[in-house]
Protein chains: 2
Amino acid sequence: MPDQNAPAQPPHRRRSESSRRAILDASLDLCAQHGYGPVTVEAIAARAGVSKKTIYRWWPSKGAVVLEALNDAANPAADFPDSGDLREDLVVQMGGLVRGLLSDRRVGRALVGLIADTHHDPRLAHGLVDDLFGPRVDDARRRLLKARDAGQIRSDADPDLLIELLYAPLYYRLLLHQGTLQDADELRVLVDHVLRSFAPPS
Amino acid sequence: MPDQNAPAQPPHRRRSESSRRAILDASLDLCAQHGYGPVTVEAIAARAGVSKKTIYRWWPSKGAVVLEALNDAANPAADFPDSGDLREDLVVQMGGLVRGLLSDRRVGRALVGLIADTHHDPRLAHGLVDDLFGPRVDDARRRLLKARDAGQIRSDADPDLLIELLYAPLYYRLLLHQGTLQDADELRVLVDHVLRSFAPPS
DNA sequence: ACCGAGAAACGACACGACGCGTTTCCATTG
DNA sequence: CAATGGAAACGCGTCGTGTCGTTTCTCGGT
């Protein structure tokens, strides 16, 4: 329960889990329908069958609600596969990300608007980087370091650069309206190109 | 004067150029100070020394103002160099983009918020893709096709994939708060990696 | 194991402030 | 003269907060 914006208060004791779920679900539903921007806290409250006050009690802003909703929604698919075949693992993981996070309008539209909000709300930016992206980047880095140790990519490869080259095109397409997102074949082309530039000297 | 959202009106006859400039400048200044989201049309009008009515006469929304402002600001640096050395040309062009568009908070913050708005305003999305990004992507594609003809990259290389791999990391860093943007050396590393995966069979 | 007191969360509703996009009225300008 | 630009105000909606009465959970006493 990472309450990113409640530094002073002790962990709360009573909290309606059903209200929490209803609020998070309602926020993503409304983002999917209208986009993040037009969604209001009042609308979230109305759809969740909840009072505005209840939302403001637990979250400081609409952005914090959506961030937690995204984190909940994305968690199940967080695990990075490790079959030994780096190329296939990347295709599987990135494919899951594309389907679950980016091509699904429910989550995609919410993410875009949330990212925009982070650029004038530093606490939200920290939440996005630390809570949402951080753990997933760490997962990917671990997997890449293991592949490097196994000699599947060159020993001086920078895992963070690799991550950037792999994942940046996904967000580029999502955010800048560059066509539909990669299907499995397109994804394979992307992964192959990036891995090729990190191939060990044979 | 690409008035992206005024399909019915004929081209206007009298228009105060000084007001136009003041409005566009004010919009970018305010975006730099507070971020795109909190900026209001009223604030733009006040700072530009102009009435709200004047803004709404020529632009349909805040987003349209910022889009035109960005297009004006970015135009001077639009030209793609062509020295014959693809690698150096890319470093120069992308370096200019990074400095002029991304690391400059004035333009960077405005762009982020504008992108968010495009996701619930289809006309704005078309303006962004067609007017702002389109011409620049076309420039890059031309330059890459020329390099392909010259045998500097493999003959089956997809220029659009190449563009995506090159530019996506820039926006990835800008939008997702991934550290400071590439300096010249980092840029060279990025370009080298991408070009390596498109090297012609030697 | 039961129960009752107190605290906290909850829903409903109302508030003042502010930005929205528009309109009216008038002065300015080509 | 006709279109433009400036000043001010409109009704509307959302913001974040406040109040009030009710419900729900926690916990200590018998």
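The sequence lines fix the lettering, A, B, ..., with proteins before strands; numbering per chain opens at 1.
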Inset, instruction - For DNA chain C, determine which residues of residues 40-53 of chain A have any heavy atom closer than 4.0 angstrom to one of its atoms, and list them numerically. - result: Gly49(A), Val50(A), Ser51(A)
Legend entry - ring pair (Phe, Tyr, Trp, His ring centres under 6.0 Å) involving His119(B) - partner list, sequence neighbours excluded: His177(A)
Legend entry - Ring centres under 6.0 angstrom apart (Tyr167(A), Phe133(A)): no
Inset, instruction - For Ile23(A) and dC10(C), give me the distance from atom CD1 to atom P, rounded to whole Å. - result: 8 Å
Inset, instruction - Find the distance Asp117(B):CG to dG19(C):C1' and express it as a whole number of Å. - result: 14 Å
Legend entry - Counterpart residues, salt bridge (charged side-chain N to carboxylate O under 4.0 Å, His left out), relative to Arg196(A) (two or more places apart): none
Legend entry - Integer-rounded Å distance: dT14(D) P and Leu30(A) CG: 12 Å
Inset, instruction - Look at Trp58(A) and dA9(C) and indicate whether a side-chain polar atom (N or O) is within less than 4.0 Å of OP1 or OP2. - result: no
Legend entry - Distance below 4.0 Å between Thr54(A) side-chain N/O and dA9(C) OP1 or OP2: no
Inset, instruction - Go through the structure and list residues passing salt bridge (charged side-chain N to carboxylate O under 4.0 Å, His left out) with Arg143(A), not counting sequence neighbours. - result: Asp82(A), Asp89(A)
Inset, instruction - Can you tell me the distance, in whole Å, between the CD1 atom of Ile55(A) and the C1' atom of dT17(D)? - result: 14 Å
Legend entry - Gap between atoms CH2 and P, on Trp59(B) and dT22(C) respectively (whole Å): 15 Å
Inset, instruction - Output all residues satisfying side-chain contact (heavy atoms from CB on, under 4.5 Å) with Val189(A), sequence neighbours left out; order by chain, then residue number. - result: His193(A), Leu161(B)
Inset, instruction - Provide, to the nearest angstrom, the distance between the CZ atom belonging to Arg20(B) and the C1' atom belonging to dT4(D). - result: 16 Å
Legend entry - Spacing between Tyr56(A) atom OH and dC10(C) atom P, to the nearest angstrom: 16 Å
Inset, instruction - Please list, chain by chain and in numerical order, all residues satisfying salt bridge (charged side-chain N to carboxylate O under 4.0 Å, His left out) with Asp160(B), sequence neighbours excluded. - result: Arg141(B)
Inset, instruction - Starting at atom CG of Asp121(A), determine the distance to atom C1' of dC15(D), rounded to an integer number of angstrom. - result: 15 Å
